[in-house]
Protein chains: 2
Amino acid sequence: MKFELAATCPRTGARAGIIETAHGAVPTPAFMPVGTQASVKALTPQDVVGLGAHMVLGNTYHLYLRPGIEIIRSLGGLHRFMSWPLPILTDSGGYQVFSLSHLRKVNDDGVLFRSHLDGSEHFITPELVVEYQEALGADIIMPLDECPPFTDDRRVVQEAVDRTSRWAERCLKARSRPDQALYGIVQGGGFMELRRSSADAITSMGFDGFALGGLSLGEPKEVTYAIVEEVAQLLPSDRPRYLMGMGSPEDLVAGVSRGIDLFDSALPTRIARNGGIFTRHGRKIIRNSEYRSRDVPLDDDCDCYTCLNFSAAYLNHLFRAKELLAYRLATMHNLRFVLRLMSEIRQSIIDGEFPALRDRMLADYRPTDEAVRLSQRVRSNKWSGPPPDSEG
Amino acid sequence: MKFELAATCPRTGARAGIIETAHGAVPTPAFMPVGTQASVKALTPQDVVGLGAHMVLGNTYHLYLRPGIEIIRSLGGLHRFMSWPLPILTDSGGYQVFSLSHLRKVNDDGVLFRSHLDGSEHFITPELVVEYQEALGADIIMPLDECPPFTDDRRVVQEAVDRTSRWAERCLKARSRPDQALYGIVQGGGFMELRRSSADAITSMGFDGFALGGLSLGEPKEVTYAIVEEVAQLLPSDRPRYLMGMGSPEDLVAGVSRGIDLFDSALPTRIARNGGIFTRHGRKIIRNSEYRSRDVPLDDDCDCYTCLNFSAAYLNHLFRAKELLAYRLATMHNLRFVLRLMSEIRQSIIDGEFPALRDRMLADYRPTDEAVRLSQRVRSNKWSGPPPDSEG
């Protein structure tokens with residue numbers, strides 16, 4: 001597990017680097033498309049590679065429940081199961097257990113929960129989560145963490161931070177595959193002091209990289225960014241820094257500006273399936289009637305298959321007619337948008353021009369209205385919107 | 001509009017030929033994937049070309065209702081709208097008006113109907129149907145026909161046949177684009193005498209090719225095949241013969257054996273989206289638990305992207321998890337299966353070995369049980385099954 005920095009922006013601290021894994025190199029900063037259930041929704045692995053992704057994320061929680069760890073192990077691991085040739089990172093399931101499952105009982109040993117699929121009861125521990133991820137065989141794996149809602153009070157969050165640290169130690173002890181990297185997760189909700197003590201504890205252990213968890217859960221953006229800024233500075237500069245669950249264009253720029261190397265988020269693909277299209281100027285809603293006969297690409301600046309071959313009017317039609325192709329073409333565009341953004345950001349860091357690119361991007365890009373964003377966040381937690389399947 | 005026969009099987013009358021169109025040549029016998037709403041469900045044009053299709057079908061009825069003929073015309077026609085580079089055949093909408101729409105009133109002038117989408121009222125005539133198809137710009141277009149249910153009595157079917165003939169004349173008179181072929185449609189329900197008189201009337205007009213309509217609407221297969229056999233012999237041998245709405249593997253072989261050149265059907269793609277997988281030995285239901293950990297391709301004889309890259313277990317998982325990729329991978333496989341079958345059939349006709357191929361295929365292939373087939377037919381007419389969108 002090698003991580004090398006190629007350049008650091010002297011004004012912002014933005015970093016360009018390379019993470020080496022058993023399945024190849026990941027140039028950073030990098031965005032990972034989300035392949036929750038062993039599939040980046042609506043796309044083939046060939047599509048995802050073609051869009052410029054270097055690593056995808058899989059979710060241990062979802063894969064554990066369906067099809068089951070043993071099936072994937074017996075079929076040769078997650079790479080082979082989903083026919084994905086490049087690196088994979090698996091999330092531990094901590095976040096999903098605390099956000100999706102029912103009837104959770106947490107104690108120091110582990111978490112008892114009921115499946116959101118069929119109500120069946122399951123008990124996971126830090127050791128089991130490592131065992132499952134070793135069976136899946138991802139290149140980067142994550143420890144079990146406790147991810148409390150942002151609204152919990154200080155005492156509850158403090159307990160979650162302490163338990164996350166104890167579980168982190170147990171995960172490090174349980175690992176047995178030297179070909180996988182294990183990253184530690186910093187928690188602490190919205191309490192800066194707890195964030196600092198969590199970072200202190202987690203960075204004192206032997207992790208190969210460090211993640212910021214429990215963010216973008218409904219709190220205002222300024223709070224998120226302030227925490228990212230504070231915590232990123234406390235992380236060792238020679239290890240990758242991973243901001244979990246964030247991936248809007250403005251979040252990617254903001255995260256990189258604060259020294260983050262890795263991102264994942266279901267947002268680009270989820271909003272694509274709802275007809276939300278990224279452009280340099282902000283999000284378009286392609287179902288809107290203004291696009292019914294618009295004979296231009298979704299985004300005239302884009303080099304994706306969708307933009308090179310189809311008009312906005314055709315996409316408008318596909319969404320209105322609920323054609324399956326709509327979800328795929330929109331997903332390809334949004335992923336290409338963020339992957340290309342990351343690649344341009346990386347080049348600008350190497351060229352010493354990142355601050356100019358950031359300023360230009362933020363000047364052009366009108367982020368989605370905060371109220372809309374929060375309402376969509378809530379919607380997505382309820383798994384509404386077509387198609388009715390979750391990525392989170 | 002040239003049609004040339006390359007070979008005819010002396011024992012069966014099966015024909016290998018080429019239809020020339022403004023967008024290229026179509027080697028026959030040919031199966032047309034169905035792109036009802038300007039999209040072959042779940043696939044890009046690139047996919048469909050890659051699978052070996054030479055022509056697709058679009059539905060005037062659906063496109064007229066959504067997005068509307070004028071929008072497609074203003075965007076440069078159907079080829080450009082859906083970014084499809086090869087030939088297109090558009091159905092006239094006759095079948096859809098009689099099977100999907102509500103509150104139909106038919107008189108000699110035309111048909112008054114209500115949209116199945118929003119209940120809005122529309123009136124179409126033979127002339128309008130030609131006008132719409134000239135605006136869409138397909139390479140082969142079809143006249144308005146009256147397609148009565150198989151259960152109607154002789155008198156009603158006789159009237160439909162007569163009206164279909166009068167409308168056929170009017171369509172021929174209304175056409176103005178010499179770059180499009182116009183095919184006549186033989187109707188007549190299950191009455192052999194009416195089929196013969198319909199064939200007699202339609203072949204006496206100046207059509208570029210001839211279609212058999214109103215079949216595979218719930219009647220037993222033996223009846224269908226007997227009608228195909230009888231009618232095909234009455235059609236001029238120097239024009240293409242098109243069997244509308246039939247495309248199961250056994251139907252394709254049976255149709256070719258009776259001298260048919262062109263086929264279309266939503267069946268291969270629709271059953272794919274329900275997890276029904278074609279193999280040499282018959283249909284597999286990939287959701288069945290026997291495939292949960294089966295580490296083999298869907299069909300070990302297949303050269304499609306799905307079979308080359310994924311296990312049956314992975315497809316089983318995608319269907320159970322309702323992943324969008326399931327519909328696409330299964331659709332690719334089933335289309336490749338029928339397109340490859342057609343290409344093998346064509347070669348065998350040229351090589352003088354069609355009867356042997358037919359016998360081998362029919363010996364290996366266990367068709368779906370007649371009761372299951374009819375029940376699925378009814379289901380499909382009700383548009384049930386995921387995803388809930390129609391192709392017919």
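Sequence lines set the chain letters: A, B, ... in the order given, protein chains first and strands last, and positions in each chain run from 1. We use all heavy atoms of the structure for the numbers below, so side chains are in, but hydrogens, waters and symmetry mates are not.
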Inset, instruction - Mind ranking B:T306, B:N316, B:L329, B:N309 by heavy-atom pairs under 4.5 Å with chain A and telling me who comes out on top? - result: B:N309
Inset, instruction - Check A:D47 against B:R328 and note the closest heavy-atom contact, atom names and distance. - result: OD2-NH1, 2.8 Å
Inset, instruction - Find the distance between CG (A:L325) and CE (B:M82) and round it off to the nearest 0.5 Å. - result: 9.0 Å
Legend entry - Side chains of A:L318 and B:S39 in contact at under 4.5 Å (non-hydrogen atoms): yes
Legend entry - Of all pairs that satisfy salt bridge (Lys or Arg N to Asp or Glu O under 4.0 Å), the ones with a partner from residues 302-314 of chain B, not counting sequence neighbours: B:D303-B:R336
Legend entry - Neighbourhood of chain B inside residues 66-77 of chain A, taking heavy atoms under 4.5 Å as contact: A:R66, A:P67, A:I71, A:L75
Legend entry - Closest non-hydrogen atom pair, B:A321 against A:Q37: O-NE2, 3.4 Å
Legend entry - A:Y305 side chain to B:T44 backbone, donor-acceptor under 3.5 Å: no
Inset, instruction - Please round to the nearest 0.5 Å and tell me the distance separating atom CG of B:L43 and atom CD of A:E323. - result: 10.5 Å
Legend entry - Flag side-chain contact, heavy atom, 4.5 Å: B:F81 against A:H317: yes
Legend entry - Most chain B-contacting option - heavy-atom pairs closer than 4.5 Å, from A:A326, A:S293, A:A42, A:S311: A:A42
Inset, instruction - Answer whether the closest heavy-atom distance between the side chains of A:L324 and B:R273 falls below 4.5 Å. - result: yes
Legend entry - Under 4.5 Å from any heavy atom of chain B - which part of A:A38: both
Inset, instruction - Decide yes or no for B:Y314 and A:S83: does some side-chain heavy atom of the first lie under 4.5 Å from some side-chain heavy atom of the second? - result: no
